[in-house]
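Notes to accompany the following structure.
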Amino acid sequence: MNKNKLLTTAPTLALALLLTTTACTAPSPQSTSATAETPAQADPIIGEWTMTTLEFGTGGEMQEVPFSGQIIFTDAGTVSVQAMNPDTAAADTPYTVQGYEAFYGEASVDADAGTFSVVVESAAARALIGQTLSRNFEVTDDTLVLTPVDPSEGWRVTYERAAAEETR
């Protein structure tokens, strides 16, 4: 290629490269914040929740247990749970090891039925791995209440939605 032809085609090539790069990096209309759906709008259970109470009992006799913890539902379809009893000498349960509960996995939510199921991928109590845990849920404003599908398990846990500035 001769020098004159290169000088006349170089600006055209540069412009084409600039347009191609701009088209590839420009935000699509769906990714702009004005049209993006927030997780809370997509499904009220999606988000980060902080435990306020954990209660055990049957026949309407619920006793509060001093646990703290959180649960996170992602719009990608996962759930992560962590909870801690301050009494490290507390007896292990099917869900806890040395007073600590932690598990995560793929979740499916049936908002109409008020239930979700999680297939446990990892857990502190390793016997949970591979199990499917199903729970009832109810979201009212910024409060989430979980109960077992089988009422004989006898527990109820209440969470409040984490404030936006706390989740950053």
Side-chain angles (χ1 to χ4, degrees), residues 28 30-168:
S28 68
Q30 291 120 349
S31 68
T32 61
S33 61
T35 60
E37 192 172 11
T38 64
Q41 292 170 325
D43 193 330
I45 200 170
I46 302 298
E48 180 182 336
W49 302 86
T50 303
M51 184 184 295
T52 56
T53 58
L54 174 63
E55 302 166 287
F56 284 100
T58 56
E61 300 291 323
M62 300 295 271
Q63 299 291 322
E64 193 169 327
V65 179
F67 263 69
S68 63
Q70 71 175 12
I71 188 167
I72 300 170
F73 292 88
T74 70
D75 52 348
T78 61
V79 65
S80 174
V81 175
Q82 293 191 49
M84 184 186 75
N85 183 334
D87 180 5
T88 58
D92 288 350
T93 72
Y95 300 101
T96 63
V97 175
Q98 297 177 340
Y100 194 78
E101 175 180 357
F103 66 87
Y104 78 90
E106 292 292 319
S108 58
V109 177
D110 183 342
D112 293 334
T115 61
F116 73 90
S117 296
V118 58
V119 178
V120 179
E121 293 178 32
S122 180
R126 293 182 183 264
L128 291 176
I129 297 171
Q131 290 189 33
T132 299
L133 306 176
S134 298
R135 306 290 185 243
N136 296 317
F137 76 90
E138 182 178 332
V139 177
T140 306
D141 298 324
D142 286 334
T143 302
L144 168 65
V145 178
L146 302 181
T147 56
V149 171
D150 177 2
S152 69
E153 287 185 50
W155 57 266
R156 175 177 53 224
V157 62
T158 304
Y159 297 87
E160 75 177 31
R161 189 177 297 279
E165 54 272 1
E166 291 176 13
T167 62
R168 291 184 185 156

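Residues take their numbers from the sequence shown, with the count starting at 1. Values reported hereafter were calculated over all heavy atoms of this structure, with side chains retained and with hydrogens, waters and symmetry mates removed.
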ask   = Is there any salt bridge (Lys or Arg N to Asp or Glu O under 4.0 Å) pair reaching into residues 122-137, and which pairs are they, with sequence neighbours excluded?
value =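 Qualifying pairs: none.
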ask   = Got a sec, which pairs hit salt bridge (Lys or Arg N to Asp or Glu O under 4.0 Å) with one end in residues 54-64, sequence neighbours left out?
value = E55-R156
query = So, do T78 and E106 sit near enough that their side-chain heavy atoms are less than 4.5 Å apart?
reply = yes
ask   = Side-chain contact, heavy-atom cut-off 4.5 Å: D43 with D75?
value =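 Sidechains of D75 and D43: no contact.
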List for me each residue that meets side chain to side chain donor-acceptor pair (under 3.5 Å) alongside [X], sequence neighbours excluded, and say none if there are none.
X: T52; answer: none
X: S117; answer: S134
X: D112; answer: none
X: T143; answer: none

Sequence-distant partners of [X], side chain to side chain contact (heavy atoms under 4.5 Å, CB included), two or more places apart:
X: S122; answer: Y104
X: A127; answer: none
X: A89; answer: D87

Looking at [atom1] of [X] and [atom2] of [Y], how far apart are the two atoms once the value is rounded to the nearest 0.5 Å?
X: L146; Y: N136; atom1: CG; atom2: CG; value: 9.0 Å
X: E101; Y: I71; atom1: CD; atom2: CD1; value: 9.0 Å
X: I45; Y: R161; atom1: CD1; atom2: CZ; value: 9.0 Å
X: Q131; Y: F103; atom1: CD; atom2: CZ; value: 10.0 Å
X: F56; Y: M62; atom1: CZ; atom2: CE; value: 8.5 Å

key: ring-ring contact (aromatic ring centres under 6.0 Å, His included) contacts touching residues 138-157 (sequence neighbours left out)   =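 Sorted pair list comes back empty.
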request  = Show the numbers, then the answer: is there a side-chain contact (heavy atoms from CB on, under 4.5 Å) between Y95 and L133?
outcome  = CA-CA 11 Å; Y95 300 101; L133 306 176; 4.2 Å; yes
remark   = Applying ring-ring contact (aromatic ring centres under 6.0 Å, His included) to F116 and not counting sequence neighbours gives F73
request  = Using the test ring-ring contact (aromatic ring centres under 6.0 Å, His included), find all partners of Y159 that sit at least two apart in sequence or belong to another chain.
outcome  =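 If we apply the ring-ring contact (aromatic ring centres under 6.0 Å, His included) test to Y159, skipping adjacent residues, there are no hits.
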query = Stepwise, does the side-chain contact (heavy atoms from CB on, under 4.5 Å) test hold for N85 with T96?
reply = CA-CA 9 Å; N85 183 334; T96 63; over 6 Å; no
query = So with a 6.0 Å cut-off around CD of Q98, is the heavy-atom count from everything else above 12?
reply =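 No, the 6.0 Å shell around CD holds no more than 12 heavy atoms from other groups.
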D141 CG: over 12 foreign heavy atoms closer than 6.0 Å = no
note = Tightest non-hydrogen contact, residues F137 and L144, listed as CB-CD1, 3.9 Å
